[in-house]
Amino acid sequence: MKKKMRILWLSAISCNGNTHSFLNYPYMETFLDDFEFIYHPVIDSKYLLQDIVSKLISCDILLIEGAISREFKRADVSIVDIIEKYSKIVQKIVTVGTCATFGGIFRESGYKNTSGLHFDQEKQIENFKYLLDKTISISGCPIHPEVLVNTLYAIKKSTTLRLDGFLRPKAFYAYTVHNGCTRNEYFEYKVDNHKFGELEGCMYYEHGCQAPFTHGSCNKILWNEVNSKTRAGLPCMGCTEPSFPRQNLFSTKKNMSIPENLPVGVSKRAYLTLAGITKAFKIDRLEKKLFDD
Amino acid sequence: MLDKKKLKKEQIIQCALELFASRGFYSTTIPDIAKSLKMSVGNMYNYFKSKDILASEIIKYISIYLGEKLKEINEEDISTKEKTRKIVEMYFKTASLKPEMIDYFLRIYLSNREVFKDSCEGMLCVNEFVTEIMIYFEEGVKCGDLREQDFFSAFGLFMGYLGGMVFLKGENILPKDLNDYVEDITFNIYKALSAE
């Protein structure tokens, strides 16, 4: 029998959204042939939480879901102490989701000094600094299950993953959500979307779409293997970024009609020049409905 | 060689600008421009294939000229109010030193849209200038000096006012020199746009 990698899924200050997203992984059976959870808050596992905190159960990978505060306890033990204990024996630590990575929405919880494992939004924090070399961040609200599973397989196969400044695997986070968006042509020619759910038009200018400056693979690795927010007509909310969640997700912050956040790497002058030129085009095909015209 | 051709093109543009401004767009012909430059008509067509193309190139030339001046102002580390004054000054200075430029913009580009409809759709030919105005507005709003509003209502207010004053000057209606109005006009524009 082949050796399975042993995983501890630790839930900190969390809504368990990443757990639920993970449960949608379509090849779970195969995955569970190669990995086993010594503890998971939802999936049946060999040990109880009580065992995890009172003993030191051997395991290979520590997954942390949820934001972290010393005040927050599981089974009467501070989550920080549990992390410290298991971080010593595991090969790798993976922060699962934006809360565990940057603090996410639970930075607003009542617990003191709530943050991600290594980052408080963009800022790197001192706690757990000695674990930086061991950690991989999988941000997202929620995480894409394939990104998590593929990262775990990379760990299992000892593949070196190249990481970005927030420890996210570049293979999944070097792209922007804009990359692969089916509305790119509308973005290029500045044809705006006017109604959520419509197939036509770009949501960047009017509906707060953050895809041009959000790192993620949503449009390259589709959700449930079929779709993404922007393809379905919902703006990208920037959920993989340290700034998530920002206020007014469905409106684009503008200064005198110019979007405050521009596509990654594009200067304001260059953006305005390009926009000025492309706006001059009137392309009938892009102004029409795609199907029922 | 390229530079020489570029220089010649600029000479043609400048000459055409002056002729269009003094005689009007429709009554100035390509042979008139060639004659004024002591060039053959055939050679003129080596530079500009038609009068309409020349017309579009002229507006681009003006847009680049004004855009560069505006960019210098935008890049200065000064308040939005100060930038407003400098833009008004720059525009009026151009209207005094190179009246044909502003005249061309107001009397030919804005009044003969049919000439520009094929090659200057939207803001294609005035992109450099409009981009810098947009940056001036955007930075003003971002630092809290200017009120957030639709771009065109602000643009119309600013440029309409400046254009109107230059137009009045061109008609010899203004009782004072254009520069005497800089202070008041800056105050009015800034007050109308300001966030206060």
Side-chain angles (χ1 to χ4, degrees), chain A residues 122 185-194 201-210 212-213 235 238 241 243 246-288, chain B residues 56 59-60 63-64 66-75 80 83-84 87 113 116-159 189-190 192-195:
Chain A
E122 288 90 2
E185 210 179 4
Y186 293 107
F187 174 86
E188 283 162 26
Y189 291 105
K190 304 289 162 224
V191 177
D192 298 326
N193 168 275
H194 300 294
C202 171
M203 294 170 286
Y204 167 68
Y205 189 74
E206 290 203 355
H207 296 315
C209 184
Q210 301 184 50
F213 49 92
E241 294 297 337
S243 53
R246 62 147 221 231
Q247 289 188 325
N248 301 321
L249 282 173
F250 297 127
S251 68
T252 305
K253 169 87 177 95
K254 279 178 271 198
N255 299 318
M256 209 73 96
S257 307
I258 300 170
E260 183 154 294
N261 292 298
L262 297 177
V264 174
V266 179
S267 77
K268 195 161 47 193
R269 206 163 255 120
Y271 174 79
L272 291 174
T273 303
L274 275 174
I277 292 168
T278 51
K279 266 195 169 170
F281 293 96
K282 275 270 167 271
I283 302 169
D284 266 359
R285 181 172 55 83
L286 297 178
E287 303 288 339
K288 282 184 188 162
Chain B
S56 304
I59 195 65
K60 282 184 204 163
S63 165
I64 292 168
L66 290 173
E68 274 172 10
K69 301 270 175 207
L70 279 175
K71 190 177 173 199
E72 281 171 26
I73 297 171
N74 274 337
E75 285 178 345
T80 313
K83 278 185 190 171
T84 312
I87 294 171
R113 303 297 300 144
F116 302 93
K117 72 177 193 312
D118 289 333
S119 51
C120 289
E121 288 168 19
M123 295 201 181
L124 223 48
C125 293
V126 287
N127 200 34
E128 291 82 1
F129 174 73
V130 176
T131 294
E132 293 303 327
I133 289 283
M134 286 181 114
I135 288 173
Y136 154 81
F137 282 142
E138 196 265 351
E139 287 175 354
V141 174
K142 209 168 183 179
C143 72
D145 287 346
L146 302 185
R147 178 166 46 89
E148 161 64 8
Q149 59 176 305
D150 176 74
F151 167 74
F152 281 98
S153 53
F155 183 67
L157 180 134
F158 202 134
M159 298 320 298
I189 291 177
Y190 189 73
L193 297 174
S194 129

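Worth knowing before you read on, the calculation uses all heavy atoms, side chains too, and leaves out hydrogens, waters and symmetry mates. Throughout, protein chains are lettered first and strands after them, A, B, ... in sequence-line order, and every chain is numbered starting at 1.
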(request) Return the option, out of B:N74, B:V126, B:V141, with the maximum number of heavy-atom pairs under 4.5 Å with chain A. (result) B:V141

(message) Let's go through B:E138 and A:K254 carefully: what are the C-alpha distance in whole Å and the side-chain angles of both, what is the deciding distance for salt bridge (charged side-chain N to carboxylate O under 4.0 Å, His left out) to 0.1 Å, and is it a yes or a no?
(response) CA-CA 8 Å; B:E138 196 265 351; A:K254 279 178 271 198; over 6 Å; no

(request) Measure the CG-CD1 distance between A:N255 and B:I135 for me, rounded to the nearest 0.5 Å. (result) 12.5 Å

(request) Could you tell me the separation between the CE atom of B:M134 and the NZ atom of A:K268, rounded to the nearest 0.5 Å? (result) 11.5 Å

(message) Within this structure, what is the CD-OG distance for the pair B:Q149 and A:S257, rounded to the nearest 0.5 Å?
(response) 8.5 Å

(request) Looking only at non-hydrogen atoms, find the nearest pair between A:I277 and B:N127 and report the distance. (result) CG1-ND2, 3.7 Å

(message) Are A:R269 and B:E132 packed together at the side-chain level, in the sense that at least one heavy-atom pair is separated by less than 4.5 angstrom?
(response) yes

(message) When you compare the side chain of B:K142 with that of A:E260, does any pair of heavy atoms fall below 4.5 Å?
(response) yes

(message) Atom OH of residue position A:Y189 - does it have more than 12 heavy atoms of other residues, nucleotides or ligands inside 6.0 Å?
(response) no

(message) Please classify the contact between B:D150 and chain A as side chain, backbone, both or neither, with a heavy-atom cut-off of under 4.5 Å.
(response) both

(message) Distance check, rounded to the nearest 0.5 Å: A:M256 atom CE versus B:I133 atom CD1?
(response) 10.5 Å

